[in-house]
**Q** 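Sharing a structure below in structure tokens format, with a few things to ask.
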Amino acid sequence: MPDVFARLAREGVSVWLDDLGRARLDASSIDRHVRQGRVSGLITDPAPTALLRCMYASRVGRAADRTPSWFPAPAVLRDMGAADLRLSCDLLAPVHRDSGGRDGYVSVVLSPRITNRATDVVNAAVALRARVGRPNLMIRIPATDATLPAVSACLELGIPVQATGVFNPLRHEQVLSAACTGLERARDRRQRLSDVAFVVSFAPGAVDVAVDRCLDLAGGAEAAALRGVAGPALARLAQERQERLLDSPRLRRLTAAGALPPRMLWLTSVPGRSADTRYVEELVCPGTVTAVPEGLLNAVADHACVSGDRVHGRVGDARRRLGHLAWFGVELDGLTTALEQEAARGTRRGRTPATPIATVDASRTGTARDGVRHPAGFAA
């Protein structure tokens, strides 16, 4: 195992390959990374979604918003998608077995046409799991008001879930509560809880793009010094929030019944900087997952520096730095809410919800004029 990946494993960090955007599965590449000990999970698109994006973009030079007339028949795409996912799950099956169900998952998004109603999400998840027929298939569900019940229902039915588009503290607490509800129902149905993994993904890069845009508008050396701070800081607070839940009586009862602890999943790609490893390095924390695109995976192997836990013991500093953002008119409540709304819109348009594109209007996030104040949800 390469040294940097061995160090990440020793720190309790699982590395999953973020394989979004490929037209078809590259089985040999995934198999190589798994055998080398680099990755222990996969985030991918099924063939219907990935092919639509890649083929339509190549024809008209832009992202696909609708299915063109020349596109392959839905039944053909369903068969291609199921075959790709089945092969992916089989490649990761040894990891899933050896990790006791913590890792070895293939996380896949559902069709954007059904993400607005919880019942549609659950029905589609059940159908896809049946079609693929593998226990290590995980379903990505956007964490919106409309789909939070689907998170509970899927977990109740024994379907592993990755919740996406979570930026706001209130939303994080809601999705964790929904997960606990689902696991409690699964326990009552006598489901084996060790088979039902749950992860919450957080994209620090999307946060930094939006916050840095606000800081650039403010101008000055002090504002520039805070660029790139917000994403890792919010991630550290999210991990602290997650660990508070892990220590709650509600989750202690679930873990005593065999449930796997929920984990944070960091989406570590940096928009426009494919070799920037700083989120991999800054968010090393036991019991977390780091999702890395293939190009960044090679950069991690080449020059990443892993120097121990970078989350615990830094929460106070994270709060202090987030408080400083208010000096420059950055209102985190409004900004994170806008990021979640953008992620939800991206899901409905068919863009992958795993890493939303930050298009937050800095002029609408609010301005603090009276000194330091912590926005609601981020106070010390």
**Q** Run the numbers on Thr268 and Leu283 for side-chain contact (heavy atoms from CB on, under 4.5 Å), then give the verdict.
**A** CA-CA 9 Å; Thr268 58; Leu283 297 177; 5.6 Å; no
**Q** As an exercise, state the distance from CG of Leu155 to OG1 of Thr181, rounded to the nearest 0.5 Å.
**A**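 Reported value, rounded in 0.5 Å steps: 10.0 Å.
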**Q** Please report the C-alpha distance between Val106 and Leu91 in whole Å, then the side-chain angles of each, then the deciding distance to 0.1 Å, and finally whether the side-chain contact (heavy atoms from CB on, under 4.5 Å) criterion is met.
**A** CA-CA 10 Å; Val106 176; Leu91 291 173; over 6 Å; no
**Q** Do Glu184 and Arg250 sit within salt-bridge range, that is, some charged N less than 4.0 Å from a carboxylate O?
**A**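 Judged by the 4.0 Å cut-off on N to carboxylate O distance, Glu184 and Arg250 do form a salt bridge.
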**Q** May I ask you to check whether over 12 heavy atoms, not counting those of Arg244, lie within 6.0 Å of atom CZ?
**A**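 Atom CZ in Arg244 is crowded, with more than 12 foreign heavy atoms closer than 6.0 Å.
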**Q** I need the single residue from Val109, Val289, Ile43 that forms a side chain to side chain contact (heavy atoms under 4.5 Å, CB included) with Gln162. Which is it?
**A**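 Exactly one candidate clears the test, Ile43.
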**Q** Tell me whether the rings of Trp266 and Phe202 are parallel (<30°), tilted (30 to 60°) or perpendicular (>60°).
**A**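 The rings of Trp266 and Phe202 stand perpendicular, inter-plane angle above 60°.
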**Q** Check whether Ser152 reaches the backbone of Ala178 with its side chain - one donor and one acceptor, N or O, closer than 3.5 Å.
**A**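 Flag set: sc Ser152 to bb Ala178 pair under 3.5 Å.
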**Q** Charged N to carboxylate O below 4.0 Å: is that the case for Arg314 and Asp309?
**A**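 Salt bridge: no.
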**Q** Gln239 and side-chain hydrogen bond (donor to acceptor under 3.5 Å, both in side chains): which partner among Gln242, Arg236, Glu243?
**A**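 So, applying the side-chain hydrogen bond (donor to acceptor under 3.5 Å, both in side chains) to Gln239 and each of Gln242, Arg236, Glu243, only Glu243 qualifies.
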**Q** Less than 4.5 Å apart, side chain to side chain, heavy atoms only: is that true for Leu92 and Ser40?
**A**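 A side-chain contact under 4.5 Å is absent here.
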**Q** Is Arg7 salt-bridged to Glu11, going by a charged N under 4.0 Å from an acidic O?
**A**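 Answer for the salt bridge query: no.
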**Q** I need the minimum non-hydrogen distance between Tyr105 and Pro160, along with the two atoms involved.
**A**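 In terms of heavy atoms, the two residues are closest at CE2-CG, 3.6 Å.
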**Q** Would you give the length of the straight line joining atom CG of Leu17 to atom OG1 of Thr44, rounded to the nearest 0.5 angstrom?
**A**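 If I round to the nearest 0.5 Å, the distance is 8.5 Å.
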**Q** Where do Phe198 and Leu176 land on the side-chain contact (heavy atoms from CB on, under 4.5 Å) test, with the steps shown first?
**A** CA-CA 9 Å; Phe198 177 69; Leu176 290 174; 4.2 Å; yes
**Q** Is it true that Arg310 and Glu281 make a salt bridge, defined as a side-chain N closer than 4.0 Å to a carboxylate O?
**A**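 No, Arg310 and Glu281 are not salt-bridged.
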**Q** Got a donor-acceptor contact below 3.5 angstrom from the Asp103 side chain to the Val95 backbone?
**A**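 Not a single qualifying donor-acceptor pair exists.
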**Q** Output yes when a side-chain donor or acceptor of Thr337 lies under 3.5 Å from a complementary backbone atom of Gly334, and no otherwise.
**A**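 No, Thr337 side chain to Gly334 backbone: no donor-acceptor pair under 3.5 Å.
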**Q** Between Asp216 and Arg213, does any side-chain N to carboxylate O distance fall below 4.0 Å?
**A**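 A salt bridge is absent here (no side-chain N lies under 4.0 Å from a carboxylate O).
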**Q** What do the steps show when you test Val280 against Val4 for side-chain contact (heavy atoms from CB on, under 4.5 Å), and what is the final call?
**A** CA-CA 11 Å; Val280 176; Val4 67; over 6 Å; no
**Q** If I compare all heavy atoms of Ile159 with all of Val196, which pair ends up nearest, and what's the gap?
**A**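 Closest pair (atom of Ile159, atom of Val196, distance): O-CG1, 4.0 Å.
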**Q** Under 3.5 Å, is there a donor-acceptor pair between the Glu222 and His324 side chains?
**A**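 There is no such pair (donor and acceptor under 3.5 Å, judged by atom type) between the side chains of Glu222 and His324.
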**Q** Using modelled atom types only, decide if a donor and an acceptor are shared between the side chain of Ser177 and the backbone of Glu173 within a distance under 3.5 Å.
**A**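 Absent.
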**Q** side-chain hydrogen bond (donor to acceptor under 3.5 Å, both in side chains) between Arg140 and Ser201: does it pass, once the steps are laid out?
**A** CA-CA 10 Å; Arg140 289 206 306 279; Ser201 57; over 6 Å; no
**Q** Do Cys180 and Leu245 have side chains that get closer than 4.5 Å, going by heavy atoms?
**A**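 Touching, per the 4.5 Å side-chain cut-off.
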**Q** For Ile139, is there any backbone N or O sitting under 3.5 Å from a side-chain donor or acceptor partner on Arg129?
**A**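 Judged by distance alone, no pair lies under 3.5 Å.
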**Q** May I ask you to decide whether Arg227 forms a salt bridge with Asp208, counting only side-chain N to carboxylate O separations under 4.0 Å?
**A**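 No.
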**Q** State plainly whether the residues Asp317 and Arg321 are in salt-bridge range, i.e. N to O under 4.0 Å.
**A**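 So Asp317 pairs with Arg321 through a salt bridge.
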**Q** Do Asn168 side-chain atoms and Thr336 backbone N/O form a donor-acceptor pair below 3.5 Å?
**A**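 Absent.
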**Q** Main chain of Gly228, side chain of Arg278: is a donor-acceptor contact present, judged purely on distance under 3.5 Å?
**A**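 Confirmed, Arg278 side chain pairs with Gly228 backbone.
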**Q** Under a 3.5 Å distance rule, please check whether Arg252 uses its side chain to pair with a backbone N or O of Asp247 as donor and acceptor.
**A**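 Yes, because the side chain of Arg252 sits within donor-acceptor range (under 3.5 Å) of the backbone of Asp247.
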